[in-house]
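A quick write-up on the structure given underneath.
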Amino acid sequence: MSANFFSIVEPAFAQAERPFIERPDGSVLTYGAALAATGRIANALAGMGVKPGDRVAVQVEKSPEAILLYLACCRAGAVFLPLNTAYTQAELEYFIGDAEPTVVVCTPARLATIEPMARKLGVHRVETLGTAGDGSIMNAATGQLDSFKTVARSETDLAALLYTSGTTGRSKGAMLTHRNLSSNALVLKDVWRFSSNDVLLHALPIFHTHGLFVATNTTLVAGSSMVFLPKFDPDEMFRLMPKATVMMGVPTFYTRLLQDARLSHESTKHMRLFVSGSAPLLADTHRQWHARTGHAVLERYGMTETNMITSNPYDGERVPGAVGFPLPDVTVRIADPETGALLPTDAVGMIEVKGPNVFSGYWRMPEKTKAEFRDDGFFITGDLGKIDDKGYVHIVGRGKDLVISGGYNVYPKEIEAEIDAIDGVVESAVIGVPHADFGEGVTAVVVASPDAKLDEKAVLGALDGRLAKYKLPKRVLFVPDLPRNTMGKVLKNELRKTYDGLYAKS
Ligand code: MLC
Ligand code: AMP
């Protein structure tokens, strides 16, 4: 049998009348209608010359049709390449140049700027997709046949390419196979007890692992349905929650909802499960949520490169501050970051992982791929953690220089390079500082030359348009020198301590 992820989820589509996605206005896309639409879009893609293995790069606003496009790519055997809608033109240019997609799909509003750039990079077709089911890709699908023979794929064929920024150098495209997607979705369905009775309140973006794979793929393998919000909005969350049984979110969802007087036992009483991930959920947030709603949030841990790695148990204790047990078929170990020697229970070291969930490498970067795997096939996550005597994994820090803001990864090196290029900047260090809303706030500490007339506004102004908004520092602070050790390395820990309370009241 073909290992195409779509073939794995195809049984859900046989229940043609069942709701797949409900829009905020209450209108419903059934599984039957979705199946036919994916067929039409797959036929349109094939007509545009998309062949198995070709990349289809997609930067569009969230909509049910964007999910249909993802599924159509699977059916056509293409490699789906979703891009954060916040990426600027400069960022997009790199992704498109690196991935060499056959087709780029963008929002109608961005066509005028993206099309000339994509054409220059040799892209064959630039199409649009709007949020109302409009756009040239949908026009091309109109009139196509509903039926499409899903292209056979092997387990190791690529289904998706997701770019993750790197601690050094440019972003890397994580190559995810059909087996990566299927194995994780099937496991999560079981461990989180998803069934066709479930309705997922979906407010996450769909260009990252969390909203696209964890949320959508798990829904699909279980034949569940989703209530689809364009973005997180507390009023909409409370209006639509009565329809749902499960919610998935980043910790910012939980801290924001906790600030809302409507959060109570009553307003969440019909809910079966709250899942958190992508960034650390503070133990205090876990406890507050439990006290306010009676629900223990189920925290899990994953990465773009690995899909989901661990999960707190459905039945057993969901330990605040821990990320739970390795998922079935996934092996997690703790190793000495330098030597790779395995460490005993409770010792803190590098979290390494192996299993059918782990990606097959970075797109056209064999050296980088090699550097992040041990010889025995374990992937080096860059997260520091331990496994306790009950088997729970705890993340205690990061071995990689990374800031996670509201669930989005921001790599300091990328921001520092942009700041250092500003006239009058001598050097800079970008750090994550505890932030009440985003978990960590991107913070720039800058050394300016004495004669430079630089202030916070000027630095932010220079970065605007060069970096996606979520990457922009929330504050820019000026210092005469950066603290360094004897080797000349900037002491970021010291900077983090100095600015620890910066966002305490935001
Ligand atoms: C928006 N802004 C952010 C931000 N999101 N800044 C820092 N960090 C973020 N995450 C900016 C906006 O551009 C805006 O800038 C200002 O902050 C205020 O915006 P907002 O209206 O408060 O933000 P909002 O639109 O509500 O978005 C916040 C959010 C969103 C938390 C709801 O960021 C979000 O949905 N995050 C989820 C990310 C996610 O899905 N991660 C999964 C990655 S996969 P201005 O200048 O215009 O005011 C992964 C693997 C795994 O990590 O394990 O899951
Ligand atoms: P990304 O590259 O966007 O997929 O982000 C992956 C990173 O998010 C991981 O390497 C972790 O550092 C972090 N992460 C994901 N889930 C959790 C969690 N539950 N707790 C702490 N960190 C997490």
Side-chain angles (χ1 to χ4, degrees), residues 62 82 84-88 162-167 171-172 174 176 184 188 202-215 229-234 236-237 248-257 275-283 285-286 297-312 318-324 350-351 353 357 359 372 379-385 393-411 432 435 437-443 460 463-465 467-474 503 506:
K62 183 174 175 181
N84 193 322
T85 45
Y87 289 148
T88 62
L162 265 62
Y163 276 84
T164 89
S165 302
T167 40
S171 291
K172 301 166 287 185
L176 292 151
N184 222 235
L188 294 178
H202 193 307
L204 288 157
I206 52 171
F207 39 68
H208 284 310
T209 297
H210 199 162
L212 185 63
F213 299 147
V214 187
L229 273 67
K231 58 173 288 213
F232 176 83
D233 171 75
E236 285 294 272
M237 296 298 276
M248 291 182 193
V250 294
T252 300
F253 283 22
Y254 290 93
T255 51
R256 287 189 181 179
L257 292 173
V275 182
S276 175
S278 305
L281 184 78
L282 296 180
T285 309
H286 190 288
V297 176
L298 184 152
E299 185 173 8
R300 61 39 171 202
Y301 159 55
M303 277 182 86
T304 302
E305 288 92 332
T306 62
N307 292 293
M308 295 306 99
I309 304 170
T310 69
S311 170
N312 269 280
R318 300 176 193 167
V319 176
V323 293
M350 180 61 68
I351 301 178
V353 55
N357 54 317
F359 76 136
E372 301 206 17
F379 173 66
I380 305 165
T381 61
D383 292 311
L384 298 176
V393 176
H394 301 249
I395 300 175
V396 300
R398 287 180 208 133
K400 50 193 172 189
D401 192 15
L402 161 70
V403 181
I404 305 185
S405 171
Y408 287 140
N409 287 6
V410 180
Y411 280 89
H435 190 289
D437 187 28
F438 291 124
E440 291 178 302
V442 176
T443 306
L460 290 174
L463 298 178
D464 196 25
L467 295 168
K469 274 203 161 172
Y470 69 87
K471 297 180 187 173
L472 295 181
K474 297 288 174 209
Y503 305 111
S506 52

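Numbering of ligands and ligand atoms starts at 1, following listing order.
Look at His208 and you'll find every heavy atom at least 4.0 Å from all atoms of ligand 2.
When only interatomic distances are considered, the shortest N/O to N/O separation between Thr164 and ligand 2 does not fall below 3.5 Å. On a distance-only criterion, Tyr301 and ligand 2 share no N/O pair closer than 3.5 Å. Checking only distances, Glu305 never comes within under 3.5 Å of ligand 2, N or O to N or O.
Relative to atom 23 (C) of ligand 2, the option among Gly385, Pro251, Gly302, Ala279 with the closest non-hydrogen atom is Ala279. When Ser278, Pro280, Ala322 are checked for heavy-atom proximity to atom 14 (N) of ligand 2, Ser278 turns out nearest.
For atom 19 (N) of ligand 2, the nearest protein heavy atom (residue, atom name, distance) is Arg300 O, 2.7 Å. Nearest to atom 1 (P) of ligand 2 among the protein's heavy atoms is Asn409 ND2, 3.1 Å. What sits closest to atom 13 (C) of ligand 2 on the protein, heavy atoms only, is Ile404 CD1, 3.4 Å.
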N/O pairs closer than 3.5 Å, ligand 1 and protein:
| residue | atom | partner | partner atom | Å |
| --- | --- | --- | --- | --- |
| ligand 1 | 6 (N) | Lys474 | NZ | 2.9 |
| ligand 1 | 8 (N) | Ser405 | O | 3.4 |
| ligand 1 | 8 (N) | Ser405 | OG | 2.5 |
| ligand 1 | 10 (N) | Ser405 | O | 2.8 |
| ligand 1 | 17 (O) | Lys474 | NZ | 3.3 |
| ligand 1 | 22 (O) | Arg256 | NH2 | 3.0 |
| ligand 1 | 25 (O) | Lys231 | NZ | 3.0 |
| ligand 1 | 26 (O) | Arg256 | NH1 | 2.7 |
| ligand 1 | 36 (N) | Gly406 | O | 3.0 |
| ligand 1 | 41 (N) | Gly407 | O | 3.0 |
| ligand 1 | 47 (O) | Lys469 | NZ | 3.2 |
| ligand 1 | 53 (O) | Arg300 | NH1 | 2.7 |
| ligand 1 | 53 (O) | Gly302 | O | 3.2 |
| ligand 1 | 54 (O) | Ser278 | OG | 2.6 |
| ligand 1 | 54 (O) | Arg300 | NH1 | 3.3 |
| ligand 1 | 54 (O) | Arg300 | NH2 | 2.8 |

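When non-hydrogen atoms are compared, ligand 2 lies under 4.0 Å from the side chain of Glu299 (C-beta onward) but not from its backbone. When heavy-atom distances to ligand 2 are checked against a 4.0 Å cut-off, His210 has no atom that comes that close, whether in backbone or side chain. Contact annotation for Asp383 and ligand 2: only side-chain heavy atoms (C-beta onward) come within less than 4.0 Å of the ligand.
Under a 4.0 Å criterion applied to the non-hydrogen atoms of Ile395, ligand 2 contributes the atoms 20 (N), 21 (C), 22 (N). In the vicinity of Met303, heavy-atom distances shorter than 4.0 Å reach the ligand 2 atoms 4 (O), 6 (C), 9 (C), 10 (O). The contact set between ligand 2 and Thr304, taken as ligand atoms under 4.0 Å from a residue heavy atom, comprises 1 (P), 2 (O), 3 (O), 4 (O).
For Lys400 and Glu372, the salt-bridge test fails: no basic side-chain N is under 4.0 Å from an acidic carboxylate O.
In this pair, Tyr503 and His435 present their aromatic rings tilted. The plane angle is within the 30 to 60° band.
In this structure, Arg300 and Val275 approach most closely via the heavy-atom pair CG-CG1, 3.8 Å. Pairing each heavy atom of Gly399 with each of Leu384, the nearest pair is N-CG, 3.6 Å. The minimum heavy-atom distance linking Leu298 with Ser311 is given by the pair CD2-OG, 3.3 Å.
No side-chain heavy atom of Lys474 sits under 4.5 Å from any side-chain heavy atom of Glu440. Residues Pro82 and Leu212 form a side-chain contact, since some pair of their non-hydrogen atoms from C-beta on lies under 4.5 Å apart. Leu463 places a side-chain heavy atom less than 4.5 Å from the side chain of Pro473. No side-chain heavy atom of Phe232 sits less than 4.5 Å from a side-chain heavy atom of Val250. The shortest distance between side-chain heavy atoms of Met237 and Arg256 does not fall below 4.5 Å.
Proximity of the aromatic rings of Phe438 and Tyr470 is defined here by a centroid distance below 6.0 angstrom, and this criterion is not met.
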Side-chain donor-acceptor pairs of residues 303-310 under 3.5 Å, sequence neighbours excluded:
| residue | atom | partner | partner atom | Å |
| --- | --- | --- | --- | --- |
| Glu305 | OE2 | Tyr362 | OH | 2.6 |
| Thr306 | OG1 | Met303 | N | 3.4 |
| Asn307 | ND2 | Asn357 | O | 3.4 |
| Thr310 | OG1 | Val323 | O | 2.8 |

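In terms of modelled atom types and a separation under 3.5 Å, the side chain of Glu236 and the main chain of Leu229 share no donor-acceptor contact.
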